[in-house]
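Presented below is the structure to which this report refers.
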Amino acid sequence: MADKKIIAVLGSTGSQGGGLCRAILADAGGGFACRAVTRDTSKDKATALAAAGAQVVKADLDDVESLKKAFAGAHGVYAVTNFWEHFSGDKEKAQAKNIADAAKAAGVKHVIWSTLEDIRKFMKADDKRMPMLQEKYRVPHFDAKAEANALFAGLPTTFLVTSFYWDNLYMFGLAPKKGDDGQLAWTFPMGTAKLAGIAAEDIGKVAYGIFKAGNQYVGKTVGILGEALTIDAMGKTLSKVLGVGPVKYNAVEADVYRGFGFPGADEMGNMFQAYRDFEKEMIANRSLDATRQLNPALQSFEQFVTKQKAAIKTAMGV
Ligand SMILES: NC(=O)c1ccc[n+]([C@@H]2O[C@H](COP(=O)([O-])OP(=O)(O)OC[C@H]3O[C@@H](n4cnc5c(N)ncnc54)[C@H](OP(=O)(O)O)[C@@H]3O)[C@@H](O)[C@H]2O)c1
């Protein structure tokens, strides 16, 4: 480890950071070492990373001193916050500030900040088609991450604009399910727009590509995706790969989706509406060529469904 560049990976037990850790560990001769950061070094995902060769350290995004220790001696930091643990845009910004302050104190050479775009920039403040949430955000987990970009000023940072995880199908309950009529169906407020998506594991592989490429990505914004697909097209691929009947797409209005009442329904309704109403801008912010260049193993949706067949079938109940 001594001769390798250490990457301190936040969210190491989660999707993005976990993917980065696995990418670093899979490339033993790549010159990088993984320092996996978690609040609980005894959890299964942390011990699995240790067994695979990662140094596992304890730190909390709410505790800047713990982050300074976790970043000491590191070459790079992969910075990701988890909105879905607390649902607060302001808390995400406070955690991002702790990360940036600790990275400055540790003098790291390269930070990748996992961010998203500010949806407010696509609309006038008095635009009524989508409600404001938490008083000041359109899509809090997008807008707050974008606002936090400024906190990384003065640090050698790459701003990584991610996309909707296809893994949400089996990890977030978004897979089609059988209705009372026995037909598979799913509901989104996406109209006929294309949703920019990616296999979550590919985000970490892209991040590894950015750390390897080094200085040329410092100060740059990199928008990534695996594919942009309509909900209908995704349904057709699910039917084909899983060998199940057609998937009916119920295209609802965003207001209807926001009213579904599950935790985060308003947030998700605004998010899908943003992907629908600003389809052109959202797709333009992400480059397939750049993503593939950084991660030559990038999966298409069909490859992703093939790989995750068992988990998706379980989620769909088929
Ligand atoms: N789902 C999507 O489609 C999607 C798309 C784009 C962007 N995102 C963004 O991705 C982010 C979440 O990343 P993910 O999906 O990779 O996470 P995840 O799989 O849900 O796992 C959460 C990770 O965050 C860590 N974490 C949470 N709170 C922490 C704290 N206070 N201190 C230290 N570590 C903490 C957890 O570590 P321990 O529990 O081990 O401490 C865990 O490793 C969200 O902010 C979301 O907005 C999601």
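It should be emphasised that the depicted structure is a prediction, and the values quoted were computed from it without experimental measurement. In this chain, residues are counted from 1 in sequence order. One-based numbering, in listed order, for ligands and for the atoms of each.
- Using a 4.0 Å cut-off between heavy atoms, Ala46 makes no contact with ligand 1 at all.
- Summary of contacts: the protein heavy atom closest to atom 44 (C) of ligand 1 is Thr81 O, 3.3 Å.
- Close placement of the Tyr257 and Phe260 rings is indicated, their centers lying within 6.0 Å of each other.
- For the residue pair Gln273 / Arg129, no side-chain donor-acceptor distance below 3.5 Å is found, with atom types taken as modelled.
- Looking at atom 32 (N) of ligand 1, its nearest protein heavy atom turns out to be Leu61 N, 2.8 Å.
- In summary, the atoms of ligand 1 found under 4.0 Å from a heavy atom of Glu85, numbered by their order in the structure, are 27 (C), 28 (N).
- Neither the backbone nor the side chain of Asp167 comes within contact range of ligand 1; no heavy atom lies under 4.0 Å.
- Within the 4.0 Å heavy-atom criterion, neither part of Ser114 lies near ligand 1.
- Using a 4.0 Å cut-off between heavy atoms, Arg39 contacts ligand 1 through both its backbone and its side chain.
- Aromatic pair Phe272/Phe164: centroids less than 6.0 angstrom apart.
- Side chain to side chain, Thr81 and Gln95 fail the donor-acceptor criterion of an N or O pair below 3.5 Å.
- Atoms of ligand 1 found under 4.0 Å from any heavy atom of Lys43 (numbered from 1 in listed order, with element): 38 (P), 39 (O), 40 (O).
- In this structure, atom 25 (C) of ligand 1 lies nearest to the protein heavy atom Gly11 CA, 3.9 Å.
- Of all non-hydrogen atoms in Val56 and Ala46, the two that sit nearest each other are CG2-O, 3.5 Å.
- The closest protein non-hydrogen atom to atom 16 (O) of ligand 1 is Gln16 N, 2.7 Å.
- Looking at Lys194 and Glu279, no side-chain N of the basic residue comes within less than 4.0 Å of a carboxylate O on the acidic one, giving no salt bridge.
- Counting atoms of ligand 1 from 1 in the listed order, those under 4.0 Å from a heavy atom of Phe164 are 3 (O).
- Considering Leu116, Val80, Val206, Thr115 in turn, Val206 is the only one that fulfils the side chain to side chain contact (heavy atoms under 4.5 Å, CB included) rule with Leu160.
- Nearest protein neighbour of atom 47 (O) of ligand 1, counting heavy atoms only, is Lys145 NZ, 2.7 Å.
- When every heavy atom of Ser66 is checked against every heavy atom of Asp60, the shortest pair comes out as OG-N, 3.0 Å.
- Residues His141 and Glu267 bring a donor and an acceptor atom of their side chains to less than 3.5 Å of each other.
- A donor-acceptor pair shorter than 3.5 Å cannot be found between the side chains of Tyr137 and Glu147.
- Under the 4.0 angstrom criterion for non-hydrogen atoms, Gly18 is not in contact with ligand 1.
- Under a 4.0 Å criterion applied to the non-hydrogen atoms of Asn168, ligand 1 contributes the atoms 1 (N), 2 (C), 3 (O).
- Of the heavy atoms in Thr162, only side-chain atoms (C-beta onward) come closer than 4.0 Å to ligand 1.
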Report task. Evaluate the salt bridge (Lys or Arg N to Asp or Glu O under 4.0 Å) criterion for residues Glu302 and Lys236: first the C-alpha distance (whole Å), next the side-chain angles of each, then the deciding distance (0.1 Å), finally the verdict. Result -> CA-CA 10 Å; Glu302 183 162 341; Lys236 286 198 173 81; over 6 Å; no

Report task. Dump the intermediate steps for salt bridge (Lys or Arg N to Asp or Glu O under 4.0 Å) on Lys124 and Asp126, then the final yes or no. Result -> CA-CA 5 Å; Lys124 294 211 171 87; Asp126 61 356; over 6 Å; no

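- Regarding atom 21 (O) of ligand 1, its nearest protein heavy-atom neighbour is Gly14 CA, 3.4 Å.
- Across every non-hydrogen atom of Met171 and Ser15, the tightest pair is CE-OG, 3.5 Å.
- Under the 3.5 Å distance criterion, with hydrogens and angles disregarded, no donor-acceptor pair is assigned to the side chains of Asp40 and Thr38.
- Distance from atom 22 (C) of ligand 1 to its nearest protein heavy atom, with residue and atom name: Asn82 ND2, 3.4 Å.
- Which parts of ligand 1 touch Ser12 is read off a 4.0 Å heavy-atom cut-off, strictly below it: atoms 43 (O).
- If you check each of Phe142, Phe172, Tyr165, Trp166 against atom 4 (C) of ligand 1, the one with the closest non-hydrogen atom is Tyr165.
- Contacts with ligand 1 closer than 4.0 Å are made by side-chain heavy atoms of Glu92 only, the backbone lying farther away.
- Looking at Ala200 against ligand 1, nothing comes within 4.0 Å, counting heavy atoms.
- Contact annotation: for Asp60 versus ligand 1, heavy atoms closer than 4.0 Å belong to both the backbone and the side chain.
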**Report entry** Evaluation steps, salt bridge (Lys or Arg N to Asp or Glu O under 4.0 Å), between Lys91 and Asp62
**Finding:** CA-CA 9 Å; Lys91 182 154 180 166; Asp62 296 324; 3.5 Å; yes

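- Scanning the protein for heavy atoms near atom 37 (O) of ligand 1, the closest one is Thr13 OG1, 3.3 Å.
- Distances shorter than 4.0 angstrom occur between a heavy atom of Gln95 and an atom of ligand 1.
- Heavy-atom contacts of Ala59 reach the following atoms of ligand 1: 33 (C) (cutoff under 4.0 Å).
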